[in-house]
Number of protein chains: 2
Amino acid sequence: MISKKTKYALKALIYLSREYDKGPILIADLAREERIPKKFLELILLALKNAGVLQSKKGKGGGYYLARPPREISMGKVIRILEGPLAPVPCVSETAYARCEECDDEWSCGIRLVMKDVRDAMAQILDNATLADVLERIEKEKQKKDGALFYAI
Amino acid sequence: MISKKTKYALKALIYLSREYDKGPILIADLAREERIPKKFLELILLALKNAGVLQSKKGKGGGYYLARPPREISMGKVIRILEGPLAPVPCVSETAYARCEECDDEWSCGIRLVMKDVRDAMAQILDNATLADVLERIEKEKQKKDGALFYAI
DNA sequence: GTTTTAGCCTATCGATTTAGTAGTTTTTTA
DNA sequence: TAAAAAACTACTAAATCGATAGGCTAAAAC
């Protein structure tokens with residue numbers, strides 16, 4: 001399960017994607033609209049900024065905005081920033097490989113063999129799902145729902 | 001990342017699969033062979049027993065053994081026992097669905113749409129990887145390694 | 001039938017992570 | 001220089017992780 005922190009981050013980024021090219025958005029507005037504790041959101045946005053996903057402006061007219069267009073930011077990237085590597089075990093991580101202490105023969109470790117498949121499948125999905133993709137999918141779902149509602153009436 | 005507890009559980013089950021139909025195995029032997037803290041392993045095996053994956057026998061000649069053949073126990077099952085649902089968010093879990101508190105419109109939640117794909121991909125892999133499969137894959141890897149070694153000499 | 005064997009059960013513990021909160025400082029702009 | 005707004009530092013309560021300790025219970029052997 002992903003943490004609340006990561007969910008908040010994704011919600012905030014989806015919101016900022018929708019408002020992309022409308023200038024900086026206030027933390028306070030984001031917090032209110034997405035119902036995220038303001039001070040907590042501050043820490044999250046800061047982490048995303050330090051990781052190069054967001055940029056910010058201080059003082060009046062300031063706020064946060066995406067460092068790149070929504071098409072160029074993936075869910076995989078965001079999740080790695082907040083949660084660490086996608087891989088279920090460190091020995092199959094592409095972005096942060098580490099040996100499993102308890103494993104002496106890595107190349108014939110059964111857990112590793114299966115978890116490699118899992119990590120590849122997850123990366124395939126999450127690294128290809130950009131914020132722009134997510135916005136599109138949300139729109140499609142809303143249309144589907146409206147369509148169903150139309151026929152229901 | 002999966003916990004040490006889950007890794008220990010999988011290691012123990014792979015060991016018990018290899019010794020399947022050789023009668024009950026002592027916790028102490030398992031702990032020594034797989035280098036798992038004995039008392040900790042006790043709790044893990046007990047959890048697996050309560051979940052129906054293992055059976056046990058007390059007293060002399062006792063120990064633990066698989067409740068079903070290795071072909072009928074999947075990694076997905078084991079991971080769910082020790083870690084809870086595979087799903088990254090509760091609202092896409094097939095085995096333990098729950099609403100996300102922070103989500104008002106579940107059907108057009110972008111996070112949910114992507115995480116559904118992730119959970120399906122994980123379940124596809126982990127529910128189809130049985131302990132017997134894992135043993136086979138380990139053997140294949142070992143043969144590959146031996147083959148490479150042969151040509152290297 | 002009591003002794004040994006081996007799993008069962010409950011409690012506790014220190015370290016780390018999670019989900020925040022509070023208060024102050026720095027930067028920008030009007 | 002006053003305001004707005006992000007940045008930084010520190011703290012906390014609760015939960016989870018990775019164990020350890022010690023006694024209890026059931027089964028088998030003698």
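Quick note: numbers below take in every heavy atom, side chains included, and nothing from hydrogens, waters or symmetry partners. Chain letters run A, B, ... following the sequence lines, proteins first, then strands; residues in each count from 1.
- Going from atom CG of B/Leu82 over to atom P of D/dA19 covers 14 Å, rounded to whole Å.
- Separating the CG atom of A/Leu16 from the P atom of D/dA6 is a distance of 11 Å, rounded to the nearest angstrom.
- Positionally, the nearest nucleotide of DNA chain C for A/Phe40 lies more toward the 5' end than for the other of A/Phe40 and A/Gly61.
- Taking the side chain of A/Pro37 as heavy atoms from C-beta on, and the options C/dT21, D/dA4, D/dT20, the nearest nucleotide is C/dT21.
- Between A/Lys38 and C/dT21 there is no side-chain polar atom (N or O) within less than 4.0 angstrom of OP1 or OP2.
- Atom pair A/Leu30:CG and D/dA5:C1' shows a separation of 14 Å (rounding to whole Å applied).
- Taking atom CD of residue A/Glu101 and atom P of nucleotide D/dC17, one finds them 16 Å apart after rounding to whole Å.
- In terms of heavy atoms, B/Leu30 sits closest to B/Ala12 at CD2-CA, 3.7 Å.
- Between A/Glu94 and A/Lys116, at least one side-chain nitrogen of the basic residue sits less than 4.0 Å from a carboxylate oxygen of the acidic one, meeting the salt-bridge criterion.
- Using a 4.0 Å cut-off, some side-chain N or O of B/Lys4 falls inside it from OP1 or OP2 of D/dA19.
- Using a 4.0 Å cut-off, some side-chain N or O of B/Tyr8 falls inside it from OP1 or OP2 of D/dA19.
- Taking atom CD1 on B/Ile44 and atom P on C/dC9, their separation rounds to 16 Å, with Å as the unit.
- Dashed line: the shortest gap from a side-chain N or O of B/Lys57 to OP1 or OP2 of D/dA28 is under 4.0 Å.
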* How far apart are the C-alpha atoms of B/Lys11 and B/Glu33, what are their side-chain angles, what is the distance that settles it, and do they pass the salt bridge (charged side-chain N to carboxylate O under 4.0 Å, His left out) test? -> CA-CA 10 Å; B/Lys11 274 171 178 281; B/Glu33 291 297 311; over 6 Å; no
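- Ranked by how close their nearest DNA chain D nucleotide is to the 5' end, A/Glu42 and A/Gly59 are led by A/Gly59.
- In this structure, CG of A/Leu46 is placed 18 Å from P of C/dT25, rounded to the nearest angstrom.
- Between D/dA6, D/dA29, C/dC8, one nucleotide has an atom nearer to the side chain of A/Ser56 than all others, and that is D/dA6.
- Summarising the geometry, the separation between NZ on A/Lys49 and P on D/dA5 is reported as 16 Å, rounded to the nearest angstrom.
- In this structure, CG of B/Leu43 is placed 16 Å from P of D/dG22, rounded to the nearest angstrom.
- For B/Tyr64, taking side-chain heavy atoms from C-beta onward, the closest of the listed nucleotides D/dA19, C/dC8, C/dG20 is C/dC8.
- Across all strands, B/Lys39 comes closer than 4.0 Å to base atoms (heavy-atom distances).
- The 12-atom threshold is not exceeded at CZ of B/Arg68, counting heavy atoms of other residues, nucleotides or ligands nearer than 6.0 Å.
- Among the protein residues, B/Ile27 comes within range of the sugar-phosphate backbone only, with heavy atoms under 4.0 Å from sugar or phosphate atoms but none that close to a base.
- Base engagement by B/Lys58 is indicated by at least one non-hydrogen atom pair under 4.0 Å involving a base atom.
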* To do: Please report the C-alpha distance between B/Glu83 and B/Ser3 in whole Å, then the side-chain angles of each, then the deciding distance to 0.1 Å, and finally whether the side-chain hydrogen bond (donor to acceptor under 3.5 Å, both in side chains) criterion is met.
  => CA-CA 8 Å; B/Glu83 300 269 293; B/Ser3 62; 2.6 Å; yes
